[in-house]
There are 2 protein chains.
Amino acid sequence: MSQIPLARRSPIPPENCNLARAIELIGDRWTMLILRAALYGVRRFDDFQSELKCPRTVLSGRLKILVDAGLLTKRTYKVPGKRARPEYVLSAMGISLRPILIGLTQWGDVWLGQGEPAPISFTKAGSKGAIRAAFVDADGREVRPDQIRAVLRG
Amino acid sequence: MSQIPLARRSPIPPENCNLARAIELIGDRWTMLILRAALYGVRRFDDFQSELKCPRTVLSGRLKILVDAGLLTKRTYKVPGKRARPEYVLSAMGISLRPILIGLTQWGDVWLGQGEPAPISFTKAGSKGAIRAAFVDADGREVRPDQIRAVLRG
DNA sequence: CTGAAAGGGTTCGCTTTCTAAATCCAGAGG
DNA sequence: CCTCTGGATTTAGAAAGCGAACCCTTTCAG
């Protein structure tokens, strides 16, 4: 359980850090719950609302932020015989968050699962064994956590 | 860019979902920024405060939550000639979030980097090429995002 | 031709949380 | 005993969250 060495400050000032920027953008309870639902296929305002049980004001505000940031695309759908309505679908930018949220799911399974088996697991298409979040080198081979080194630019 | 099929609700009710639980716990701007700093080695109250520039009330509240949840361990350190003081170090539970935050860093590098090269990158100890967050099967071989399948229990 | 329904919001007050600044507190050094 | 320092709590005003009610448009039912 290698310990992280003491530092008085982070090596990158937060205002210049892409992790900090990502946190400013999506590091919010409702925003993350919206993305969770969206990755499960939810697209419509009322579906988000009944899934999240959040105030409609908050929902419409967060959807606007996510559309402006490019994570969601607002487009129109039409069920025949019904009027056209907007729906919010994940863009490539949004979909690329999927591995992170799956990783967080598995972290939750381990630490917050209250002893129960995970209600959802992930496999490779066509095979059976579970997959997990990890690091790989350029050749797609796993790198163990203790072998990871951070390199600052410059 | 395979699209996620439409769903009216998520397959797992949020109150029973470990991802939703993880989001409730750490899905908060300041909480995530604290974890970011902690993963860079910050441990002390005033260091967190000058790193984050957040109100001290918020900081002490969030630290309490993280200690209670088991992500941080509060212990005492003592510099000779100074009085003993508490420091907040990551537990195994906290350290195991590292792959997720590194993954989020790399997501931010791609989508929020404003065209500049990433200020921090990650390599395997002893080699040069960059590593990246990904999924692997039981044998440590990479599984591409489009090959990931979710399996519900029961 | 009305009337109601459904989806997607906005408006309105109230409560909670955030924030900044000031204050407190304990122990070490002078 | 006085001050300094790190780790907080208190306080009061600003911002955000919240639930309920309302609005708007189209479509279907009578």
Side-chain angles (χ1 to χ4, degrees), chain A residues 6-9 14-15 20 23-35 37-38 41-69 72-90, chain B residues 6-9 14-15 20 23-35 37-38 41-69 72-90:
Chain A
L6 174 67
R8 311 300 306 270
R9 297 299 291 270
E15 62 275 15
I23 291 170
E24 304 285 337
L25 178 56
I26 67 162
D28 169 84
R29 187 177 125 89
W30 293 124
T31 303
M32 293 184 78
L33 289 172
I34 288 170
L35 291 170
V42 176
R43 295 185 198 165
R44 299 176 189 172
F45 191 94
D46 268 27
D47 293 343
F48 281 115
Q49 212 274 320
S50 57
E51 172 83 17
L52 306 192
K53 288 163 187 63
C54 78
R56 303 167 76 77
T57 40
V58 173
L59 179 57
S60 82
R62 294 295 196 283
L63 288 174
K64 209 160 291 176
I65 289 171
L66 289 171
V67 169
D68 289 350
L72 293 179
T73 306
K74 186 176 184 173
R75 72 180 189 197
T76 301
Y77 75 95
K78 179 143 172 36
V79 176
K82 305 263 179 180
R83 60 189 276 225
R85 293 188 177 286
E87 68 180 357
Y88 301 88
V89 298
L90 286 167
Chain B
L6 174 66
R8 312 298 307 270
R9 297 299 292 271
E15 61 276 15
I23 291 171
E24 305 284 337
L25 178 56
I26 67 163
D28 169 86
R29 187 178 125 89
W30 294 123
T31 303
M32 294 185 78
L33 289 172
I34 288 169
L35 291 170
V42 176
R43 294 183 197 165
R44 300 176 188 172
F45 190 94
D46 268 28
D47 293 343
F48 281 114
Q49 212 276 321
S50 57
E51 172 83 17
L52 306 192
K53 288 165 189 61
C54 78
R56 303 167 76 75
T57 40
V58 173
L59 179 56
S60 82
R62 295 295 196 283
L63 289 173
K64 208 160 293 175
I65 289 170
L66 289 171
V67 169
D68 289 350
L72 294 178
T73 306
K74 185 176 184 174
R75 70 181 190 196
T76 301
Y77 76 95
K78 179 145 173 36
V79 176
K82 306 264 178 179
R83 61 187 276 224
R85 293 189 177 286
E87 67 178 358
Y88 301 87
V89 297
L90 286 167

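Letters A, B, ... are given to chains in the order of the sequence lines, protein chains preceding strands, and every chain is numbered from 1.
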ask   = If you look at every strand shown and take non-hydrogen atoms under 4.0 Å, does A/Phe48 touch a base, only sugar-phosphate, or nothing?
value = nothing

For atom CZ of A/Arg29 and atom C1' of C/dC18, their distance in whole Å = 16 Å

A/Asp68/A/Lys74 ion pair, N-O < 4.0 Å = no

request  = Mind calculating the distance between CG (B/Asp47) and P (D/dG7) to the nearest angstrom?
outcome  = 7 Å

query = Nearest-Å distance, CG (B/Leu52) to P (D/dG7)?
reply = 14 Å

task = Kindly compute the distance separating CD (B/Glu24) from CE (A/Met32), expressed to the nearest 0.5 Å.
result = 10.5 Å

remark   = B/Glu51 CD to D/dG7 P, in whole Å, measures 15 Å

query = Any idea which heavy atoms bring B/Ala37 and B/Glu51 closest together, and the distance?
reply = CB-CG, 4.2 Å

key: Least distance between heavy atoms, B/Leu35 atom then B/Ile26 atom   = CD1-CG2, 4.0 Å

inquiry  = Does C/dT19 have OP1 or OP2 under 4.0 Å away from a side-chain N or O of B/Trp30?
reply    = yes

message = With salt bridge (charged side-chain N to carboxylate O under 4.0 Å, His left out) as the criterion, how do B/Arg62 and B/Asp28 come out once you've worked through the C-alpha distance, each side chain's angles and the decisive distance to 0.1 Å?
response = CA-CA 10 Å; B/Arg62 295 295 196 283; B/Asp28 169 86; 2.9 Å; yes

remark   = In B/S/- notation (B base, S sugar-phosphate only, - none; protein heavy atoms under 4.0 Å), nucleotides 25-30 of chain C written 5' to 3' is -BSSS-

query = To the nearest angstrom, how far is A/Leu59 atom CG from C/dG7 atom P?
reply = 15 Å

task = Starting at atom CZ of B/Arg75, determine the distance to atom P of D/dG6, rounded to an integer number of angstrom.
result = 19 Å

remark   = Closest heavy-atom pair, B/Ala38 versus B/Phe48, reported as atoms and distance to 0.1 Å, is N-CE2, 3.9 Å

What N/O pairs connect the protein and nucleotides 8-12 of chain D at under 3.5 Å? Give each pair on its own line.
{"from": "D/dA8", "atom 1": "OP2", "to": "B/Tyr88", "atom 2": "OH", "distance (Å)": "2.4"}
{"from": "D/dA8", "atom 1": "N7", "to": "B/Arg56", "atom 2": "NE", "distance (Å)": "2.8"}
{"from": "D/dA8", "atom 1": "N7", "to": "B/Arg56", "atom 2": "NH2", "distance (Å)": "2.9"}
{"from": "D/dA8", "atom 1": "N6", "to": "B/Arg56", "atom 2": "NE", "distance (Å)": "3.3"}
{"from": "D/dT9", "atom 1": "OP1", "to": "B/Lys64", "atom 2": "NZ", "distance (Å)": "3.2"}
{"from": "D/dT9", "atom 1": "OP2", "to": "B/Ser60", "atom 2": "OG", "distance (Å)": "2.9"}

remark   = Here the distance between atom P of D/dG6 and atom CZ of B/Arg43, to the nearest Å, is 17 Å

inquiry  = Tell me the closest heavy-atom pair linking A/Ala7 and B/Asp47, and the distance in Å.
reply    = O-OD2, 4.3 Å

ask   = Shortest non-hydrogen contact from B/Glu87 to B/Tyr77?
value = CB-CD2, 3.5 Å

Between protein and nucleic acid, restricted to nucleotides 14-17 of chain C and to nitrogen or oxygen atoms under 3.5 Å apart, what atom pairs and distances do you find?
none

request  = Flag yes if more than 12 heavy atoms outside B/Lys53 fall under 6.0 Å of its NZ atom; otherwise flag no.
outcome  = yes

query = Less than 4.5 Å apart, any side-chain heavy atom of B/Phe45 and any of B/Leu59?
reply = yes

message = Could you tell me how far apart A/Tyr77 (OH) and C/dG7 (C1') are, to the nearest whole angstrom?
response = 6 Å

ask   = Going by an N to O cut-off under 4.0 Å, is there a salt bridge joining B/Asp46 and A/Arg8?
value = no

